[in-house]
Chemist: 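This structure is in structure tokens; I'll ask about it shortly.
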Amino acid sequence: MKEAGINPDVVTYNSLIAGASKHCLLSRCLDLFEEMLQKGLRPDVWSYNSLMHCFFKSGQPDEANRVFRDIILSNIDPSTTTFNIMINGLCKNGYTENALMLFRNLQRHRFTPQIDTYNILINGLCKAGRLGAARRLLKELGQSGHIPNAITYTTVMKCCFRSRRFKQGLEIFTEMKEKGYTFDGFAYCTIIGALVKMGRTEEANELMENMVTDGIELDMVSYNTLINMYCKKGNLEAAYNLLDEIEKGGFECDEYTHTILIDGLCKASNIEGAERHLRYMTMMGFDSNLVAFNCWLDGLCKAGEVDYAMKVFKSMELKDSFTYSSLVHNLCKARRFHSAAKLLLSCLRSGVKILRSAQKAVILGLNSSGYSREASRLRSKIQLAKLLHF
DNA sequence: CTAGGGTTAG
């Protein structure tokens, strides 16, 4: 454009900023913004919206908030997208309560929220585990005269599956079908993923075929869902064959793909294969291999290699509640109740949430192996720890 | 030219 003597305008810069934002390139966003100002171009609401979004995506909610403030206090009118980006960004950064407050403030100031805004907030509330609030908002959406769209349905369905309310989730799926909503890749993957988790791979397979017949082009997420289905069926060969097809199609496997395969290898009792794949994944520098490590750790325990698993556990720099719950469970299965109790206590100290069933297994194990004093001490520690996290 | 739903582990 420059060579042709065409001057970039605001839309040109906005396009570039949007692209940088999509790829999480915050400094590039800021440079472009600066360059725009230097050229004497006035950023518009689109520029600010994209910048805000990029700050949120980069985990800098305070900076995003500052941009939001600038918009409000300047003579630029915020758009509905401005509010949507704010509400979504706040949710994604753990500020669900603030998102809800912003939403309520908007209502008070006569910004009638549209269906998109409801969807964003319902999703945020679900992910934060605030199912009651999400349900209330869903009801409010209906009362305000909006008709739930396919996104609303997918969001709520996913929310049910996440909280293991499979029956309820399937009912939503049926309702969606009966009301004639069009299924896109998002809806299909949600339901297929849940069916696979329930072990209903035949039905999952049928829906996968429906998805293709409907003419939906498979993307990386659909491929991952498909690979996961093959793995759960125990057909690792089909999973690997698919990898070739994916790469021929110009897609690139992501951390989900590799994690699914690692778990598949573990579940097929190929622990060495899993370890090799995990090493490969680490070498390739994927941003997160925590889930893969958790799968492998669980696989090691299930294969009877508890000592090795403990060694791996100690070497892990990143751990989450899955890591701990799974290990505590497995230690109990191996009848190592004292190690399990020690680990459980360290969770209480650090505030890591651990499955109730894992806690129960430790207490039950200590009791049954004649350590009832230790069991009751542990029980009271669990009770006391609840005082810390209100 | 911007936002929002889908895929992995206990």
Side-chain angles (χ1 to χ4, degrees), chain A residues 9-19 21-22 43-54 56-57 79-89 91-92 114-124 126-127 148-159 161 183-194 196-197 211 216 218-229 231-232 254-264 266-267 288-299 301-302 320-330 353-355 357-358 361:
Chain A
D9 62 4
V10 180
V11 177
T12 318
Y13 275 100
N14 286 349
S15 304
L16 291 168
I17 292 173
S21 178
K22 194 159 270 171
D44 61 7
V45 66
W46 298 70
S47 335
Y48 283 106
N49 285 349
S50 293
L51 187 60
M52 239 170 50
H53 182 225
C54 199
F56 274 127
K57 272 184 91 168
S79 59
T80 38
T81 305
T82 311
F83 299 124
N84 287 343
I85 292 173
M86 270 308 284
I87 291 172
N88 179 54
C91 287
K92 293 274 157 71
Q114 298 305 300
I115 181 90
D116 313 323
T117 317
Y118 275 101
N119 287 343
I120 289 169
L121 195 53
I122 289 171
N123 184 46
C126 284
K127 296 268 159 72
N149 59 19
I151 295 182
T152 321
Y153 272 93
T154 313
T155 304
V156 176
M157 193 161 70
K158 175 66 195 166
C159 181
F161 293 139
F183 282 78
D184 59 10
F186 283 75
Y188 269 119
C189 288
T190 307
I191 182 78
I192 291 168
V196 169
K197 185 153 270 171
M211 182 170 157
I216 295 170
L218 298 189
D219 62 5
M220 206 48 234
V221 176
S222 336
Y223 277 124
N224 285 340
T225 308
L226 187 53
I227 292 174
N228 190 39
M229 190 179 84
C231 286
K232 288 290 158 6
D254 58 12
E255 63 186 80
Y256 282 86
T257 324
H258 295 297
T259 307
I260 288 165
L261 284 168
I262 288 166
D263 188 51
C266 287
K267 297 277 154 60
S288 169
N289 56 13
L290 176 59
V291 180
F293 258 100
N294 285 344
C295 295
W296 183 46
L297 210 59
D298 187 61
C301 290
K302 297 256 162 30
D320 65 0
S321 77
F322 275 88
T323 325
Y324 285 96
S325 286
S326 152
L327 200 55
V328 167
H329 246 146
N330 280 312
K353 283 230 193 328
I354 189 162
L355 276 185
S357 62

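Both backbone and side-chain heavy atoms feed into the values below; hydrogens, waters and symmetry mates do not. Below, chains carry the letters A, B, ... as their sequence lines are ordered, and counting in each starts from 1. As the structure is a prediction and not an experimental result, all values here were calculated from the model.
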Chemist: How many whole angstroms separate atom CG of Asn330(A) from atom C1' of dA9(B)?
Modeler: 12 Å
Chemist: Just to confirm, is there a sub-4.0 Å distance from OP1 or OP2 of dG5(B) to any side-chain nitrogen or oxygen of Asn123(A)?
Modeler: yes
Chemist: At less than 3.5 Å, do the side-chain atoms of Thr190(A) and the base atoms of dG6(B) form a donor-acceptor pair?
Modeler: no
Chemist: Report yes or no: is there a donor-acceptor pair, N or O only, under 3.5 Å between the side chain of Ser325(A) and the base of dG10(B)?
Modeler: yes
Chemist: Hey, is the side chain of Asn14(A) poking within less than 4.0 Å of OP1 or OP2 on dT2(B), counting only N and O atoms?
Modeler: no
Chemist: In whole angstroms, how far is the C1' atom of dA3(B) from the CZ atom of Phe186(A)?
Modeler: 13 Å
Chemist: Could you tell me the separation between the CG atom of Leu226(A) and the CD1 atom of Ile260(A), rounded to the nearest 0.5 Å?
Modeler: 10.0 Å
Chemist: Provide, to the nearest angstrom, the distance between the CG atom belonging to Asn289(A) and the P atom belonging to dT8(B).
Modeler: 18 Å
Chemist: Tell me which one of Asp44(A), Asn14(A), Thr82(A) satisfies side-chain hydrogen bond (donor to acceptor under 3.5 Å, both in side chains) with Asn49(A).
Modeler: Thr82(A)
Chemist: Counting any heavy atom closer than 4.0 Å, what does His329(A) reach on the DNA or RNA strands: base, sugar-phosphate only, or nothing?
Modeler: nothing
Chemist: Determine the contact category for Ile260(A): base if any of its heavy atoms lies under 4.0 Å from a base atom, sugar-phosphate if only primed atoms, P, OP1 or OP2 are that close, otherwise nothing.
Modeler: sugar-phosphate
Chemist: Between Asn88(A) and dA3(B), is there a contact of a side-chain N or O with OP1 or OP2 at under 4.0 Å?
Modeler: no
Chemist: Taking only side-chain N and O atoms of Lys197(A), does any of them lie within less than 4.0 angstrom of OP1 or OP2 on dA9(B)?
Modeler: yes
Chemist: What's Asn228(A) touching, base or sugar-phosphate or nothing? Going by heavy atoms closer than 4.0 Å.
Modeler: sugar-phosphate
Chemist: Do any side-chain nitrogens or oxygens of Lys127(A) fall under 4.0 Å of OP1 or OP2 in dG6(B)?
Modeler: yes
Chemist: Select base, sugar-phosphate, or nothing to describe what Ser47(A) touches, counting heavy atoms under 4.0 Å on all strands.
Modeler: nothing
Chemist: With a 4.5 Å heavy-atom cut-off, do Leu290(A) and Thr323(A) have their side chains touching?
Modeler: yes
Chemist: Do Ser326(A) and Leu297(A) touch side chain to side chain, with heavy atoms closer than 4.5 Å?
Modeler: no
Chemist: With no angle test and no hydrogens, is the base of dG6(B) tied to the side chain of Asp219(A) by a donor-acceptor pair under 3.5 Å?
Modeler: yes
Chemist: Can you tell me the distance, in whole Å, between the CG atom of Leu261(A) and the C1' atom of dT8(B)?
Modeler: 10 Å
Chemist: Under 4.0 Å, heavy atoms only, any strand: does Thr81(A) hit a base, just the sugar-phosphate, or nothing?
Modeler: base
Chemist: Report yes if at least one side-chain N or O of Lys267(A) is closer than 4.0 Å to OP1 or OP2 of dG10(B); otherwise report no.
Modeler: yes
Chemist: How would you list, by chain and number, every residue that makes a salt bridge (Lys or Arg N to Asp or Glu O under 4.0 Å) with Lys232(A), sequence neighbours excluded?
Modeler: Asp263(A)
Chemist: Which part of the nucleic acid does Ala150(A) contact within heavy-atom distance under 4.0 Å: base, sugar-phosphate only, or nothing?
Modeler: base
Chemist: Which listed nucleotide (dT7(B), dT2(B), dA9(B)) is nearest to the side chain of Ser50(A)?
Modeler: dT2(B)
Chemist: Rounding to a whole Å, what distance do you find between Met86(A):CE and dT2(B):P?
Modeler: 20 Å
Chemist: How many whole angstroms separate atom CG of Asn149(A) from atom P of dG6(B)?
Modeler: 14 Å
Chemist: If we count only N and O atoms by modelled type, under 3.5 Å, do the side chains of Asn84(A) and Thr81(A) hold a donor and an acceptor together?
Modeler: no
Chemist: Assign Ser15(A) to base, sugar-phosphate, or nothing according to its heavy-atom contacts below 4.0 angstrom with the strands shown.
Modeler: sugar-phosphate
Chemist: So Ser21(A), base contact, sugar-phosphate only, or nothing? Heavy-atom distance under 4.0 Å.
Modeler: nothing
Chemist: Is a donor-acceptor contact shorter than 3.5 angstrom present between the side chain of Thr259(A) and the base of dT8(B)?
Modeler: yes
